[in-house]
Amino acid sequence: MKIMTHDKLEELTKKEYKYGFHTDIESDSFGKGLTEDTIRLISEKKKEPEFLLEWRLRAFEHWKTLSEPTWQYVKFKPVDYQDIVYYSAPKSQKDGPKSLDEVDPELRKMFDKLGISLHEQQRLSGVAVDAVVDSVSVATTFKEKLADVGVIFCSFSEAVKHHPELIKKYLGTVVPYTDNFFAALNSAVFSDGSFVYIPKGVRCPMELSTYFRINAAETGQFERTLIVAEEGSYVSYLEGCTAPMRDENQLHAAVVELVALDRAEIKYSTVQNWYPGDENGKGGIYNFVTKRGKCKGFASKISWTQVETGSAITWKYPSVILQGDNSVGEFYSVALTNNCQQADTGTKMIHLGKNTRSTILSKGISAGRGQNAYRGLVKIQKNATGARNYTQCDSLLLGDKCGAHTFPYIEAKNKTAKVEHEATTSKISDAQIFYCKQRGISEEDAVSMIVNGFCKDVFQKLPMEFAVEAQALLGVSLEGAVG
Amino acid sequence: MIASVQNKTPFSDAFRAGREQLPGEAWMRALRDSAIGNFEEQGIPTRKDEEWRYLDLKSMGKTQYRSPSAKPQVDEALAKAYFLDGTLARFCFVDGRYDANLSQVDDLPAGVELLSVAEAMSKNESELKNALEDSAVDSSHPFVALNTAFLRDGYVLCLKKGVQLEKPVQILFVGSQALENCAEHPRHFLFLAEEAKAEVIECYVSPNAGNFLNNVVSEIALEKGARLSLCRVQSEGSACSHLNYSKVNVGQSAHFESKVFSFGAKTSRNEIEIQLSGTHAFCSLEGLYIGGGDQCLDNRTVIDHQVSDGTSREFYKGILGGKARGAFSGKILVEEGAQRTDSEQNNRNLLLSDDAEADSKPQLEIYADDVKCSHGATVGQLDEDQIFYLRARGIGEAQARSLLTAAFAMDLVDSVGNENIRAFLENQVSEKLSQEVGQ
């Protein structure tokens, strides 16, 4: 049985990255390198107001004083920040498409290949897609329908143009540029991203969604997303990614900020399937992302759900600051590492308000030589009376060359706090496989079933459209690692 | 002579001033010199160091520590209050130096060697030299380096193959008022050869002492099939710093049990690093830390499963009142190839006051797939339903709380096999609890 498993593993790990192709679009890029001039140029190119340029420059000044963090549980070759192209926009975008027909046919083809054709998305799922290719939004759909209820869903650049007061009010309030090395870098050079504003009392009529994709070679992508949910509003936001096959390591340092006011709820879901590098760890995306939400208002709620199957290195901690009394933070995560992938991911739940509650559910799957670490912090501050946290992180090991690590931190400063943490590590037992095979289920299907069962609690939290995709994705990613 | 000074520490002057008085031959001096250099290079850790993030050692940097007097004042009554009944032997230290009068080593059977490090330095010099030179303890640990630089006394317990002790050995460290602004650095060596068995209880008491540093380092090795049960009770004075570091090598099918009770000291840190180096090795680490006032009680454990079929159990409990801070950091490392490892780790904390703080950092680092590992950590307060249950039966609230708190603490005491030790621990725990909870 063991031998057969290894054969299968061999055969399946060789499966190629399904989304590895490169579309040739003329790019409007700067040269490599990062100086103050680069930042001025980005800002000028995007016709940004003065306050934003100043903010970028302050961030850049701060960034220069920082050095890369070293505490994380991932290893990679040092990144040469002067060897990155900081801005690249597809050329044909110049005048801005007004409808799908105006979208560059090359781009359309690319999305078709990825299976996220805008038509399909529109027609079948009713999901509005703000597709981001190489740092600039090329198509935004359903905008009018959203505008009817007052929801603003547009690219970050557009938001800067049309709603500068909102940007000025909320930009950097959750993740200040002083936060960390990569947040500072992003703040200085971010090229585009998405902006969502849900007005008071509005329940967003559809799931909002963007697809990020790194296209041109050697282009770092520095996305910035800002979601503001006003009092009593609700929004569910989906983010999914695939990237073409590249040999050079590519850096992705995004920042996501969420702000939830009184009784507002934000649900943020991610399926991340960037190029993980080949079986020997060559190439792949460096995914160093700062994601944080602030439950600013009373009884507000922020929920992160993520399925991380791609990237050579995933290094992110979607966090929630529970500032408002009775606010709720949630984190549901499935992280899978295969071959030479590394993941150091988790969350921080900072309880400041009274009766704040947080739930953390993390499922890590390691296969091949993958290293998968959960790192989390649950902090109960002195005034957070009645705060409650429940954390569960489970790891599943497939193969004897991989690693699964758990580094939770609990800091409680209030005696009424109730904090619980549980973690287990296990493997799929031969008995489980035998049980399934005995009932006519092939070994591969059995593993897929067991793993999907292992992740079920998290998948249930995903919006329908994503749940199906995520399960399929996990199946595909795991096929190479049955063990 | 001495390597150039990288960082001047409060220990540097004391070392240079007292270097000539420290015992040992040339090899020992060389060892001390390199160790102090090592310590100075690292400096006193700050809370920015990941491994020290819950312990504030700033005040240590402000004290100019001296060496304790060579002729300590012996408070016999105090020492006797901590004598355990039914022991095989008792080894007593006063202000860091071995005291033969208070000790009792007459009944040791053949095959057992129990002596002070000071004695070993003259009598068994070559053995001690070997032990220190290829020391298992890590010189990257600043306080181990500091201990090596200053080490003067401690105990050596060696059991020959197959020697099994029926009764426990007590090691008692008594500190007096004379320790004000002193630092002592006891070093212990425990070696159990194949199939040997021993039970040791170490007590550190200094109720009347002021600000001093007790920096204890132990090196423990268990050969195939050996069994050691080690219990430590730390009831130092409320102004002192107590640092205790142990490195334990557990061989094939050997069995190591540790129980650590931290009650005293202003700043206390208990570190145990275990290497399960033989197959089917077992270790169990238990700890109870009860703090009040402005105490900081830090615990750190590392269990390294190096080979297959190891089992480890870990259970630490904290009760924190006043402005006390309790911290637990436990790492379980399962190395590649350490298949069929079975490991459980648990940390529970009870917060009694609004200003107390509990920090917990349980960690799993696993590089093998056929393993069973779990860990859990909780922080909470007494269950109101349980209090209600007791009150409904006519028990006052204060008493109900102290009953439940005692119950929380006592299960670590209840599992002690030796009756005398158990009774002793019960006393210690209830005494400490009555101070913090008020019974």
Side-chain angles (χ1 to χ4, degrees), chain A residues 2 70-71 73 364 366-367 369-383 385-430 481 483, chain B residues 48-50 53-54 308 318 320-321 323 325-384:
Chain A
K2 199 94 192 170
T70 51
W71 46 263
Y73 210 88
S366 311
R369 280 169 289 159
Q371 298 294 331
N372 203 329
Y374 167 84
R375 187 187 301 275
L377 168 69
V378 175
K379 195 167 190 163
I380 313 286
Q381 291 294 24
K382 212 162 152 26
N383 296 325
T385 307
R388 180 84 177 86
N389 162 268
Y390 175 75
T391 304
Q392 189 185 337
C393 29
D394 299 326
S395 306
L396 193 64
L397 291 148
L398 308 173
D400 55 3
K401 296 277 180 292
C402 54
H405 320 298
T406 321
F407 307 108
Y409 291 71
I410 296 171
E411 299 179 5
K413 296 187 187 184
N414 187 300
K415 71 166 177 181
T416 59
K418 255 194 185 165
V419 185
E420 290 172 83
H421 172 95
E422 272 185 282
T424 61
T425 302
S426 53
K427 68 165 204 165
I428 297 177
S429 71
D430 290 348
Chain B
K48 283 193 179 142
D49 295 305
E50 179 61 29
R53 72 186 255 150
Y54 297 119
S308 68
L320 302 151
K323 288 184 181 169
R325 166 181 240 173
F328 169 79
S329 157
K331 181 187 268 188
I332 292 170
L333 174 65
V334 180
E335 292 191 20
E336 214 177 302
Q339 299 292 19
R340 295 175 298 282
T341 287
D342 178 357
S343 179
E344 274 174 31
Q345 183 190 54
N346 221 317
N347 174 228
R348 290 179 198 280
N349 292 284
L350 190 58
L351 290 180
L352 299 177
S353 84
D354 290 332
D355 295 314
E357 175 173 347
D359 302 310
S360 184
K361 207 174 97 180
Q363 303 172 69
L364 298 175
E365 218 180 301
I366 296 163
Y367 297 92
D369 63 337
D370 191 3
V371 298
K372 224 167 78 187
C373 291
S374 67
H375 68 186
T378 59
V379 179
Q381 59 177 348
L382 295 174
D383 186 343
E384 291 302 323

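Just so it is clear: chains get the letters A, B, ... in the order the sequence lines come, proteins before strands, and each one is counted from 1.
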Rounded to the nearest 0.5 Å, what separation is found between the [atom1] atom of [X] and the [atom2] atom of [Y]?
| X | Y | atom1 | atom2 | value |
| --- | --- | --- | --- | --- |
| Glu384(B) | Thr416(A) | CD | OG1 | 10.5 Å |
| His375(B) | Thr424(A) | NE2 | OG1 | 8.5 Å |
| Glu365(B) | Thr406(A) | CD | OG1 | 9.5 Å |
| His405(A) | Ile366(B) | NE2 | CD1 | 8.5 Å |
| Asp369(B) | Thr425(A) | CG | OG1 | 11.5 Å |
| Lys361(B) | Tyr409(A) | NZ | OH | 4.0 Å |

For [X], is it the side chain, the backbone, both or neither that has a heavy atom under 4.5 Å from a heavy atom of chain B?
| X | answer |
| --- | --- |
| Ala417(A) | backbone |
| Lys413(A) | both |
| Gln371(A) | side chain |

Among the options [options], pick out the one with the most heavy-atom pairs lying under 4.5 Å from chain A.
| options | value |
| --- | --- |
| Val379(B), Leu351(B), Leu320(B) | Val379(B) |
| Ser343(B), Gly337(B), Ser374(B), Ser329(B) | Ser374(B) |
| Ser353(B), Ala356(B), Ala368(B) | Ser353(B) |

Could you go through the side-chain contact (heavy atoms from CB on, under 4.5 Å) check for Asp400(A) and Asp370(B) one step at a time?
CA-CA 8 Å; Asp400(A) 55 3; Asp370(B) 191 3; over 6 Å; no

Report yes if the side chains of Glu411(A) and Tyr54(B) come closer than 4.5 Å at any heavy-atom pair, otherwise no.
yes

Taking all heavy atoms of [X] and all of [Y], pick out the closest pair and write down the distance.
| X | Y | value |
| --- | --- | --- |
| Ala412(A) | Asp359(B) | N-OD1, 4.0 Å |
| Asp354(B) | Lys415(A) | OD1-CE, 3.4 Å |
| Pro362(B) | Pro408(A) | O-CD, 2.5 Å |

With a 4.5 angstrom heavy-atom cut-off, is it the side chain or the backbone of [X] that approaches chain A, or both, or neither?
| X | result |
| --- | --- |
| Arg53(B) | side chain |
| Gln345(B) | neither |
| Phe328(B) | neither |
| Asp355(B) | both |

Using a cut-off of under 4.5 Å on heavy-atom pairs, state which of Lys379(A), Arg375(A), Lys382(A) scores highest against chain B.
Lys382(A)

